[in-house]
Asks: 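This is the structure I have questions about; it appears just below.
We're numbering straight along the sequence, starting at 1.
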Amino acid sequence: MIRTARAANTRPARFLGSSILALGLALSGPALAQQDDIITAHGVSSFGELKYPEGFDHFDYVNPDAPEGGEMSIWAFGTFDSLTPFILKGNAAAMSSVFYDSLLTGTLDEPDSMYGLLASSVEYPESREWIVFHMRPEAKFRDGSPVTADDVVFSFNTLVEKGLPALRVQFKDITNAEALDDRTVKFTFNPDGPLRELLMTAGSLPVFSKAYYDTRDFAESSLEPPMGSGQYDLLSVDPGRSVAYKRRDDYWGKDLPVNVGQNNFDVLRVEYFADYTTAFEAFKGGAYTYREEYQSKIWATGYDFPATQDGTIKVETLPDGRPAGTQGFFFNLRRDKFADPRLREAIGLAFNFEWSNESLFYGLYDRTDSFWENSPTLQASGMPSDAELALLEPIREHIPETVFTEDAYVPPVSSPDDLADRGSLRRAGRLLNEAGWTVGDDGYRYKDGQRLTIEMLNDSPSFDRIINPYIDNLRRLGVEATANRVDAAEAQERQKNFDYDIVTLRFAMSQTPGDELRSVFGSDTADVPGSANISGLKNDGVDQLIRIVADAQSRDEMTVAVHALDRVLRALHIWVPQFYKGVHNIAYLDVYDRPSDTPPAQGLGNMSIWWWDDAKADALRAAGKL
């Protein structure tokens, strides 16, 4: 799964999981029944057995008696002009995948398992070279028509032919999808593909109505509510400004164990804003009811207003147990000037995180150094282990020698008192000289007669305060650096077409990484428009490590391979790592409740398990505050 957005200090993340739509170690007793070499089960797991047995009532972390009703409203940055999230054309509204169900769905307490949604059970061989889904006969689209195997096959073929180009890469090792009968569909996989992952890749396929698209072109963006089988339908849409979804009273899967205690709100609403400060002021004015704060200045100074003082709005900090992700300034390696890693490292040295944290962020952040930051088990550290070396030696010709001779790269600590840290800038200058970029008579750096120019693409006014000091340091080095702030629509188009030098983005990595890493770091996605390979990385060694991660047969094997991949990516300097916070800073109108038993750390900020509390709402109404 891949999901992205933009934000202020720390950006809402693009999530990378083992599938397109759902994140899914299995710990407890027998959950799989085996006949010969064919496994029959109610779900799939990458490693081991499923936690939840067949016939389970609900996931452990939900309140099965959670009341239903009320509204949850949030904000989104930028704009939208489409309700079609799986195509390149247009900018899809937030949450617009809510219309669709998939064959399987994930959980918050098992990072590598999925359970039946549209499918009641699965069959697959121990080799995992194919999987059969047995679909629920009660599954219906919004118009009452049944969800059939033909719809599943149509959905797969349509996404391959007309969907986002990156999906073709995601699905390339699914060699065939066929309807065995109305309720049975089979996916066959390339035996040389990442078989551990492909069961869940197929299971997370969003299912569309074939009949609906008989009279519509899937590749065209539209604001017409699509024909889905999911729990929500469109309530209202104001293009570029707001979108709202209403819960279907006739939703076919309301009482399924995977849905009990979840998605408890009658209405989900998203309000759009062009910048973060305006969005915050709108929250204070009651334009929406739930906000996760990503801007340190606002969090440190802005949440002392009447509604927080009298308890109308609650302010909380919740731990976030997920990997913090990979937020940074990403280089566009498709451009020749960024070919030399010494230049990229030099540009990274000009970013003074310690000064920014002290002067701009109120000391609320830590420096990111790993692509799996905030994950002690997956983040590389120190020198490579013997197990890592066994993976790294065969690809030695493709990766920096420092992978073998130095600790995993960590950005040096700069002075918090002086933006222009002299030690860092001197080292950066030496690296630029070594890369052939020397200072000319006019103070700028040149190589082969070409001046070194760098444009930083930005779509957020509130991010200017972070970029502009960085630009100042780059200019001290003789780099003609500029900050180009554009509107959200232009930024989205330029990112889709890789029209930038440097851009800020954040990816939140899965706790069970797999073949989806190709979409961010794989050579075969580097030139695919709209792909998540923002840096345009093409490296045979990285490609081989991704495959080893995806093919790992145990969590220990996977962890070793991720360590190796992490240290190689860091040594390549494809980004300038920024910063992170391992918590959710949230504020919300005091009309909500959530499970009293602590849910999984990665699920504390997940609103799908919260609910509307009528008693709290009535109290606010009585006080004239709602």
Asks: The criterion is side-chain hydrogen bond (donor to acceptor under 3.5 Å, both in side chains); which residues satisfy it with Asn374, sequence neighbours excluded?
Replies: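 Testing Asn374 for side-chain hydrogen bond (donor to acceptor under 3.5 Å, both in side chains), a comparison that skips the adjacent residues, returns none.
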
Asks: Quick one: does Asn473's side chain have a donor or acceptor within less than 3.5 Å of a partner on Leu419's backbone?
Replies: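 Checked: pair present.
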
Asks: Apply side-chain contact (heavy atoms from CB on, under 4.5 Å) to the pair Leu457 and Ile502, showing each step before the final yes or no.
Replies: CA-CA 6 Å; Leu457 186 66; Ile502 294 176; over 6 Å; no

Asks: Scan for side chain to side chain donor-acceptor pair (under 3.5 Å) pairs involving residues 348-357, sequence neighbours excluded, and state none if there are none.
Replies: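 Output for this query lists Trp355-Ser359.
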
Asks: Could you go step by step and tell me if Asp417 and Glu358 meet the side-chain contact (heavy atoms from CB on, under 4.5 Å) rule?
Replies: CA-CA 8 Å; Asp417 301 319; Glu358 183 76 19; 5.6 Å; no

Asks: Of all heavy-atom pairs between Ser102 and Gly203, which one has the smallest distance, and what is that distance?
Replies: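 The pair with the smallest heavy-atom distance is CB-O, 3.7 Å.
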
Asks: Side chain to side chain contact (heavy atoms under 4.5 Å, CB included) with Arg396: which residues, sequence neighbours excluded?
Replies: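 Per chain and number, Arg396 pairs via side chain to side chain contact (heavy atoms under 4.5 Å, CB included) with Glu393, Glu401, Phe404.
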
Asks: Do Arg451 and Tyr444 form a cation-pi contact, if we require the NZ or CZ to be under 6.0 Å from the six-membered ring centre and within 45 degrees of the ring's axis?
Replies: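 Cation-pi check for Arg451 and Tyr444: passes.
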
Asks: Using only atom types and a distance under 3.5 Å, with no angle test, would you say the side chain of Glu388 pairs donor to acceptor with the backbone of Ser385?
Replies: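 Side chain of Glu388 to backbone of Ser385, a donor-acceptor pair under 3.5 Å: yes, one is there.
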
Asks: Indicate the atoms forming the closest heavy-atom contact of Pro111 with Gln511, along with that distance.
Replies: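 So the minimum-distance heavy-atom pair works out to CB-CB, 3.8 Å.
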
Asks: Where the side chain of Asp448 meets the backbone of Gln450, is there a donor-acceptor pair that is under 3.5 Å apart?
Replies: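 Not a single qualifying donor-acceptor pair exists.
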
Asks: Rounded to the nearest 0.5 Å, what separates atom CG in Asn533 from atom CG in Leu517?
Replies: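 Reported to 0.5 Å precision, the distance equals 11.0 Å.
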
Asks: At their closest point, which heavy atom of Leu389 faces which heavy atom of Pro394, and how far apart are they?
Replies: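 Looking at all heavy atoms of both residues, the closest pair is O-CD, 4.3 Å.
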
Asks: Indicate yes or no: at least one non-hydrogen side-chain atom of Thr368 is less than 4.5 angstrom from one of Gln327.
Replies: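 Answer no - side chains too far apart.
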
Asks: Under a 4.0 Å threshold between the charged nitrogen and the carboxylate oxygen, would Asp499 count as salt-bridged to Arg334?
Replies: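 No, no charged N to carboxylate O under 4.0 Å.
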
Asks: Do Val479 and Trp437 come close enough that some side-chain heavy atom pair is under 4.5 Å?
Replies: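 Val479 vs Trp437: side chains apart.
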
Asks: Apply the test side-chain contact (heavy atoms from CB on, under 4.5 Å) to residues Leu205 and Phe171: give CA-CA distance (whole Å), side-chain angles for both, the deciding distance (0.1 Å), then the verdict.
Replies: CA-CA 10 Å; Leu205 180 79; Phe171 290 144; 3.7 Å; yes

Asks: Can you tell me how far CD of Gln492 sits from CZ of Phe80, rounded to the nearest 0.5 angstrom?
Replies: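 CD of Gln492 is found 11.5 Å from CZ of Phe80.
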
Asks: Which atoms form the tightest heavy-atom contact between Arg168 and Glu161, and what is the distance?
Replies: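 Closest pair (atom of Arg168, atom of Glu161, distance): NH2-O, 3.5 Å.
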
Asks: Heavy-atom distance under 4.5 Å between the side chains of Ile466 and Phe361, does that happen here?
Replies: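 In contact.
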
Asks: Donor-acceptor pair, Arg485 side chain versus Asp459 backbone, under 3.5 Å?
Replies: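 No, because the side chain of Arg485 does not come within donor-acceptor range (under 3.5 Å) of the backbone of Asp459.
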
Asks: For the pair Ser45 and Glu110, evaluate side-chain hydrogen bond (donor to acceptor under 3.5 Å, both in side chains) and give the outcome as yes or no after the intermediate values.
Replies: CA-CA 9 Å; Ser45 173; Glu110 285 182 280; 5.5 Å; no

Asks: Which class fits the ring pair His573 and Tyr409: parallel under 30°, tilted 30 to 60°, perpendicular over 60°?
Replies: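 Answer is perpendicular, since the angle exceeds 60°.
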
Asks: Taking only Lys NZ, Arg NE, NH1 and NH2, and the carboxylate oxygens of Asp or Glu, determine whether Asp566 and Arg570 approach each other closer than 4.0 Å.
Replies: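 Answer for the salt bridge query: yes.
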
Asks: Going by heavy atoms in the side chains, are Val583 and Leu318 under 4.5 Å from each other?
Replies: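 The answer is no; the side chains never approach within 4.5 Å.
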
Asks: Can a salt bridge be assigned to the pair Asp527 and Lys538 using a cut-off of 4.0 Å between side-chain N and carboxylate O?
Replies: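 A salt bridge is present here (some side-chain N lies under 4.0 Å from a carboxylate O).
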
Asks: If you round to the nearest 0.5 Å, how far is CD of Glu557 from CG of Leu391?
Replies: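 If we round to the nearest 0.5 Å, Leu391:CG and Glu557:CD are 9.5 Å apart.
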
Asks: Fit a plane to each ring of Phe338 and Phe331, take the angle between them on a 0 to 90° scale, and name the class: parallel (under 30°), tilted (30 to 60°) or perpendicular (over 60°).
Replies: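 Rings of Phe338 and Phe331: tilted, 30 to 60°.
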
Asks: If you take the centroid of each ring, where Trp contributes its six-membered ring, are Trp75 and Tyr276 closer together than 6.0 Å?
Replies: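 Yes, the ring of Tyr276 comes within the 6.0 Å limit of the ring of Trp75, centre to centre.
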
Asks: Test your reading of the model: is there a side-chain donor-acceptor pair from Arg128 to the backbone of Pro194, 3.5 Å cut-off?
Replies: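 No, the answer is negative, given that no donor and acceptor are paired below the 3.5 Å cut-off.
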
Asks: Could you tell me whether the side chain of Asn332 and the main chain of Phe498 form a donor-acceptor pair under 3.5 Å?
Replies: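 Between the backbone of Phe498 and the side chain of Asn332 there is a qualifying donor-acceptor contact (under 3.5 Å).
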
Asks: Check whether Glu373 reaches the backbone of Asp369 with its side chain - one donor and one acceptor, N or O, closer than 3.5 Å.
Replies: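 Checked: pair present.
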
Asks: Step by step, work out the side-chain hydrogen bond (donor to acceptor under 3.5 Å, both in side chains) result for Thr512 and Ser46.
Replies: CA-CA 9 Å; Thr512 308; Ser46 292; over 6 Å; no

Asks: Please work out which of the three classes, parallel, tilted or perpendicular, describes the rings of Phe463 and Phe579, given edges at 30° and 60°.
Replies: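 Plane angle between 30° and 60°, so tilted.
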
Asks: Please find the pair of heavy atoms, one from Glu455 and one from Asp501, that lie closest to each other, and give the distance.
Replies: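 Closest approach of Glu455 to Asp501: N-OD2, 2.9 Å.
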
Asks: Are Ser204 and Met114 packed together at the side-chain level, in the sense that at least one heavy-atom pair is separated by less than 4.5 angstrom?
Replies: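 Contact flag for Ser204/Met114 side chains = yes.
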
Asks: Where do Lys337 and Thr453 land on the side-chain contact (heavy atoms from CB on, under 4.5 Å) test, with the steps shown first?
Replies: CA-CA 9 Å; Lys337 59 188 170 187; Thr453 63; 3.7 Å; yes

Asks: Quick check: does any side chain N or O of Arg445 sit under 3.5 Å from a backbone N or O of Leu477, one acting as donor and the other as acceptor?
Replies: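 A pair under 3.5 Å: yes.
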
Asks: Within the side chain of Arg567, is there an N or O that forms a donor-acceptor pair under 3.5 Å with the backbone of Gly382?
Replies: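 Between the backbone of Gly382 and the side chain of Arg567 there is a qualifying donor-acceptor contact (under 3.5 Å).
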
Asks: Rounded to the nearest 0.5 Å, what's the gap from CZ on Arg196 to CG on Asp112? Could you check?
Replies: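 Arg196 atom CZ to Asp112 atom CG measures 7.5 Å (nearest 0.5 Å).
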
Asks: Roughly how far apart are Thr105 OG1 and Met200 CE, rounded to 0.5 Å?
Replies: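 So the gap between those two atoms works out to 12.5 Å.
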
Asks: Check whether any side-chain heavy atom of Leu545 sits under 4.5 Å from a side-chain heavy atom of Phe521, and report yes or no.
Replies: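 Contact flag for Leu545/Phe521 side chains = no.
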
Asks: Looking at Ala76 and Ala94, what are the two nearest heavy atoms and their distance?
Replies: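 Taking every non-hydrogen atom into account, CB-CB, 4.4 Å.
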
Asks: Would you say the side chain of Asp556 lies within less than 4.5 Å of the side chain of Phe47, judging by non-hydrogen atoms?
Replies: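 Phe47 vs Asp556: side chains apart.
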
Asks: Is the ring pair Phe330/Phe507 parallel, tilted or perpendicular, if the boundaries are 30 and 60 degrees?
Replies: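 Perpendicular.
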
Asks: Is the centre of the Trp575 ring less than 6.0 Å from the centre of the Phe371 ring?
Replies: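 Yes, the ring centres sit under 6.0 Å apart.
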
Asks: Any side-chain to backbone donor/acceptor pair from Glu406 onto Thr402? Under 3.5 Å, distance only.
Replies: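 Pair absent, no side-chain N/O of Glu406 close to backbone of Thr402.
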
Asks: Quick one: CG on Leu432 to CZ on Arg342, what's the gap to the nearest 0.5 Å?
Replies: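 Output value for this atom pair is 10.0 Å.
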
Asks: Below 4.5 Å, heavy atoms only, C-beta onward: do Leu159 and Pro206 meet side chain to side chain?
Replies: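 The answer is yes; the side chains approach within 4.5 Å.
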
Asks: Using 30° and 60° as the class boundaries, would you call the ring planes of Phe353 and Phe351 parallel, tilted or perpendicular?
Replies: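 Phe353 and Phe351: tilted rings.
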
Asks: Does a donor on one side chain sit under 3.5 Å from an acceptor on the other, for Glu516 and Ser510?
Replies: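 Distance-only check fails for Glu516 and Ser510.
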
